[in-house]
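What follows is one structure encoded as structure tokens, with my remarks underneath.
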Amino acid sequence: LDFGILSESRKVREFEKNTSITCNVDIVEDSIKLSKNVSLTLFRIFQEALTNIARHANATKVYIRMLRSGSSILLIIKDNGIGISEEKIKSPESFGLMAMRERAYSINATLDIRRMSEGGTEIIISVPVKDSE
């Protein structure tokens with residue numbers, strides 16, 4: 001499984017159709033290959049991020065970028081919505097965020113969620129990869 005499927009993902013097109021939120025997908029390197037487990041886990045985190053955006057962000061646009069940075073793969077998901085509050089980021093009641101963190105942890109990834117000063121929310125998932133992966 002290769003995460004390049006994201007750029008052609010039916011999930012993205014369905015999301016756009018169901019929410020009227022435009023998605024801009026940028027896979028910087030076509031040669032990003034990940035194990036089936038890592039790819040599926042990233043996709044699940046991605047799905048949860050889109051669900052949260054649709055439910056809470058009041059966004060009109062989502063920017064999705066995937067690139068290699070040193071020995072990591074970065075998946076960056078940004079929206080132009082109202083921005084997540086610090087309370088929500090830290091709340092143990094935010095089950096969707098908790099699930100995203102647990103999934104990231106399961107593949108040795110880091111997950112950073114922050115409210116951007118210009119508005120919106122940015123999620124950065126950083127997955128360490130070996131060259132053979």
Side-chain angles (χ1 to χ4, degrees):
L1 243 171
D2 160 1
F3 208 66
I5 59 166
L6 179 62
S7 58
E8 304 301 320
S9 175
R10 281 185 313 200
K11 180 73 177 165
V12 171
R13 300 304 148 229
E14 283 172 23
F15 177 81
E16 287 180 318
K17 191 174 118 191
N18 295 336
T19 64
S20 299
I21 299 172
T22 305
C23 293
N24 180 332
V25 180
D26 181 20
I27 307 294
V28 174
E29 226 181 286
D30 287 337
S31 63
I32 296 173
K33 299 270 190 248
L34 301 170
S35 72
K36 186 175 183 177
N37 178 52
V38 170
S39 181
L40 184 59
T41 301
L42 271 180
F43 188 71
R44 295 286 181 239
I45 294 170
F46 169 72
Q47 282 181 309
E48 185 64 40
L50 289 185
T51 299
N52 288 342
I53 290 166
R55 286 187 182 152
H56 308 293
N58 293 334
T60 57
K61 290 192 172 108
V62 176
Y63 306 93
I64 302 151
R65 190 159 196 238
M66 188 165 179
L67 65 145
R68 182 180 273 263
S69 177
S71 59
S72 295
I73 299 295
L74 300 180
L75 175 59
I76 302 162
I77 305 161
K78 290 185 193 182
D79 68 64
N80 69 344
I82 59 174
I84 191 169
S85 69
E86 274 304 309
E87 296 80 40
K88 284 267 198 275
I89 291 171
K90 294 177 178 163
S91 172
E93 313 279 297
S94 297
F95 296 113
L97 299 183
M98 217 163 46
M100 290 168 65
R101 286 188 184 100
E102 287 173 6
R103 287 177 198 260
Y105 179 78
S106 77
I107 57 170
N108 264 348
T110 59
L111 181 86
D112 183 36
I113 303 167
R114 67 183 184 94
R115 181 185 192 129
M116 296 185 296
S117 57
E118 66 273 16
T121 300
E122 179 178 59
I123 300 168
I124 301 173
I125 303 108
S126 177
V127 185
V129 290
K130 301 176 204 79
D131 283 332
S132 61
E133 215 167 354

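In this structure, Ser91 contributes its side chain and Glu93 its backbone to a donor-acceptor pair below 3.5 Å. Side chain of Arg115 to main chain of Ile82: a donor-acceptor pair is present (N/O by atom type, distance under 3.5 Å, no hydrogens or angles). When atom types are taken as modelled, the side chain of Asn80 and the backbone of Thr60 share a donor-acceptor pair closer than 3.5 angstrom. Judged by distance alone, with hydrogens and angles left aside, the side-chain atoms of Ser39 form no donor-acceptor pair with the main-chain N or O of Leu34 at under 3.5 Å. A donor-acceptor distance shorter than 3.5 angstrom exists from the side chain of Ser35 to the backbone of Val38, with no hydrogens or angles considered.
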Hey, mind stepping through His56 and Thr121 against side-chain contact (heavy atoms from CB on, under 4.5 Å) and telling me if it holds? CA-CA 11 Å; His56 308 293; Thr121 300; over 6 Å; no
Show your reasoning for whether side-chain contact (heavy atoms from CB on, under 4.5 Å) applies to Ile76 and Leu67. CA-CA 9 Å; Ile76 302 162; Leu67 65 145; 4.0 Å; yes
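A heavy-atom distance below 4.5 Å is not found between the side chains of Ile45 and Leu75. Annotation: side chain of Leu111 is not in contact with side chain of Arg103 (no heavy-atom distance under 4.5 Å). Residues Leu97 and Ile84 are in side-chain contact: their nearest non-hydrogen atoms beyond the backbone lie under 4.5 Å apart. Within the 4.5 Å cutoff, the side chain of Met100 has no heavy atoms near those of the Ile125 side chain.
Here the CG atom belonging to Leu74 is positioned 10.5 Å from the CZ atom belonging to Arg68, to the nearest 0.5 angstrom. From Glu87, atom CD reaches atom OG of Ser94 across 10.0 Å, with rounding to the nearest 0.5 Å. Separating the CG atom in Asp112 from the OG atom in Ser126 is a distance of 10.0 Å, to the nearest 0.5 Å. Once rounded to the nearest 0.5 Å, the distance linking CD of Glu102 with CZ of Arg44 reads 15.5 Å. Remark: Ile53 CD1 to Glu48 CD distance equals 10.5 Å, nearest 0.5 Å. Rounding to the nearest 0.5 Å places CD of Glu122 at 10.0 Å from CD1 of Ile77.
Closest of all the heavy-atom pairs between Ser106 and Thr41 is OG-CG2, 4.0 Å. The minimum heavy-atom distance between Ala109 and Pro128, with the atom names listed, is CA-CD, 4.2 Å.
The pair Arg13-Glu16 meets the salt-bridge criterion, since a charged nitrogen lies less than 4.0 angstrom from a carboxylate oxygen.
Phe43 and Val129 fall within a single hydrophobic cluster, where Ile, Leu, Val, Met, Phe, Trp and Tyr are joined by side-chain heavy atoms under 4.5 Å apart, directly or via other members. Placement of Val25 and Val127 within a single hydrophobic cluster is found when ILVMFWY residues are connected by side-chain heavy-atom separations under 4.5 Å, directly or transitively. Cluster membership for Tyr63 and Ile113, using ILVMFWY side-chain heavy atoms within less than 4.5 angstrom, is not shared. A continuous path of Ile, Leu, Val, Met, Phe, Trp and Tyr side chains, each step under 4.5 Å between heavy atoms, connects Val12 with Val62, placing both in one hydrophobic cluster.
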